[in-house]
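Quick notes on the structure that follows.
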2 protein chains.
Amino acid sequence: MPARIDLEQRRRDVIEAAFRLLVSEGFSGVSLRKVAAESDLNIGSVRHYFDDHRSLLVAAVTEVGDRMGARLTRYPTDALAGLTGEAAVEALQRRLEELLPIDEERRVESIVLTEFIVAARVNPTFRPVTEQMAADMRLVITDALRVLEVGDPAEEAERIIAVLGGLILDSVTPHGSLGVERVRTTLRAHLRSTLRTTPAPIDD
Amino acid sequence: MPARIDLEQRRRDVIEAAFRLLVSEGFSGVSLRKVAAESDLNIGSVRHYFDDHRSLLVAAVTEVGDRMGARLTRYPTDALAGLTGEAAVEALQRRLEELLPIDEERRVESIVLTEFIVAARVNPTFRPVTEQMAADMRLVITDALRVLEVGDPAEEAERIIAVLGGLILDSVTPHGSLGVERVRTTLRAHLRSTLRTTPAPIDD
DNA sequence: CTCTTTTTGTCACACCTGTGATACCATTCG
DNA sequence: CGAATGGTATCACAGGTGTGACAAAAAGAG
């Protein structure tokens with residue numbers, strides 16, 4: 001059987017093309033014909049690697065989910081044990097910056113993820129992936145805060161998740177001109193306040 | 001000339017129908033024919049009140065922008081002057097809850113706004129409105145923090161905006177099962193920390 | 001070589017979209 | 001009354017969509 005073609009690689013290429021379309025045209029711009037053109041393939045070929053339009057999209061959201069999951073677990077939580085003050089802030093900051101659109105690669109993933117999250121509101125097909133991601137994120141952050149001995153880790157994790165989500169949406173979408181530096185410093189400020197570094201200078 | 005029909009009211013009805021479609025089917029579900037069906041009108045009538053598909057959407061995003069703007073300026077900022085502690089938290093909380101999807105009306109507006117914000121990333125048509133909204137929000141919150149004599153109001157406003165955005169996205173989208181109560185308490189917790197009420201109970 | 005299986009390519013179909021161009025109705029004005 | 005105008009209703013067209021059904025090509029297996 002002629003299996004010259006690396007099937008997995010081809011699928012990856014097609015998904016990558018879908019990512020580019022997601023970025024440039026948004027969710028509704030990802031049609032089979034456009035994906036075929038973007039990946040320099042015939043629509044017949046694309047349909048050979050993906051049964052459906054739907055299954056292509058599911059593969060795409062799964063891919064971005066996997067990548068985000070990998071970013072989440074890149075740094076072991078145990079390594080946070082014992083850290084305090086600015087060292088704790090920096091360690092946590094490094095972990096969470098993995099999820100922020102601070103470079104082109106992460107920007108693409110953030111956009112793709114955002115498009116799917118919004119699409120999932122109406123299209124239940126994508127919910128398993130987005131819900132799994134949200135659950136993983138909640139768990140990892142909560143655990144990290146617990147190891148760092150933060151009071152009420154669940155509540156503080158909720159706030160951090162909200163901050164992350166807001167920052168991602170703001171910087172990905174062009175309504176606030178929220179630059180990379182601003183995103184990072186805003187996150188850092190929030191982490192400092194969460195970890196109760198800088199003991200609240202009250203000025204009166 | 002037979003002007004029996006209240007033109008503005010009709011336009012409002014159509015926009016309301018567009019809102020319902022935005023909620024139930026998302027941005028790409030808002031077609032002229034569907035809007036016509038949803039508003040119990042003929043497509044010819046819809047096109048009589050709105051030249052374009054595009055101009056209908058612009059009218060819709062403008063409407064939601066106006067409503068959000070009204071919510072932002074509902075409470076005068078001056079009324080915050082002199083407030084401290086829990087009173088300040090509650091006052092600010094009440095203002096900001098206007099923007100959160102805490103009831104059905106606000107939920108619809110949040111969804112509509114979210115759909116347009118995401119759409120605006122790729123479709124520059126909607127940017128003027130979304131950018132104006134973001135600017136207004138930034139200004140109002142910054143002013144409020146200034147009146148409440150918070151240090152570095154701009155930076156703290158940025159964080160509050162991020163929290164609001166994240167909470168809205170999380171509660172509107174079904175990936176985290178973030179209930180109304182949880183949204184409110186999370187916001188309140190953040191405002192308490194911003195206004196430095198509850199002087200950080202460290203437990204060791 | 002032939003056979004088999006993968007990969008590519010092409011039609012056609014039904015459906016939905018926005019839109020241009022109308023016609024028709026109804027009501028108010030002169 | 002007639003006429004003008006706001007409102008309603010259709011039709012047709014070009015363009016895009018996913019998909020079913022194929023055929024053609026290409027390359028390893030025997």
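Model, not experiment: these values are computed from the prediction.
- Side-chain contact between B:Arg95 and B:Val140 is absent, with no heavy-atom pair separated by less than 4.5 Å.
- A heavy atom closer than 4.0 Å to some atom of DNA chain D occurs in no member of residues 54-62 of chain A.
- Comparing A:His48 and A:Ile43 against DNA chain C, the residue whose closest nucleotide sits nearer the 5' end is A:His48.
- Put simply, CD1 on A:Ile102 and CD on A:Glu181 are 9.5 Å apart, with the number rounded to the nearest 0.5 Å.
- Note on B:Tyr49: every side-chain N or O is 4.0 Å or more away from OP1 and OP2 of D:dG6.
- Between the side chain of B:Gln93 and the main chain of B:Arg184, a donor-acceptor pair closer than 3.5 Å is present.
- The aromatic rings of A:His190 and B:His190 are tilted relative to each other, their planes meeting at an angle between 30° and 60°.
- Under a 4.0 Å N-O distance rule, the pair B:Glu63/B:Arg67 qualifies as a salt bridge.
- Between the B:Thr185 side chain and the B:Arg182 main chain, a donor and an acceptor come within less than 3.5 Å of each other.
- Taking a cutoff of 4.0 Å between a charged side-chain nitrogen and a carboxylate oxygen, A:Glu97 and A:Arg106 do not qualify as a salt bridge.
- Residue A:Asn42 places no side-chain N or O under 4.0 Å from the OP1 or OP2 atom of C:dT7.
- Between A:Ile15 and A:Val64 there is no side-chain heavy-atom pair separated by less than 4.5 Å.
- The nearest whole Å value for the distance from the CG atom in A:Leu41 to the C1' atom in C:dT10 is 16 Å.
- Counting to the nearest Å, the C1' atom of D:dG6 and the CD atom of B:Glu8 are 15 Å from each other.
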Nucleotides 14-17 of chain C: which of its N/O atoms have a protein N/O under 3.5 Å away?
from   : atom 1 : to      : atom 2 : distance (Å)
C:dT17 : OP1    : B:Ser31 : OG     : 3.0

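- For the residue pair A:Ser193 and B:Arg159, a side-chain donor N or O sits within less than 3.5 Å of a side-chain acceptor on the partner.
- To the nearest angstrom, P of D:dT8 lies 10 Å from CG of B:Leu7.
- Although no hydrogens or angles enter the test, the distance criterion places a donor-acceptor pair under 3.5 Å between the side chain of A:Arg127 and the main chain of A:Ala120.
- Heavy-atom distances under 4.0 Å link DNA chain D to no residue of residues 9-24 of chain A.
- Following rounding to the nearest Å, B:Asp51 (CG) and D:dG6 (P) show an atom-to-atom distance of 14 Å.
- Taking 4.0 Å as the cut-off between side-chain N and carboxylate O, B:Glu90 and B:Arg94 do not count as a salt-bridged pair.
- The base of D:dG7 is not paired with the side chain of B:Arg47 by any donor and acceptor separated by under 3.5 Å.
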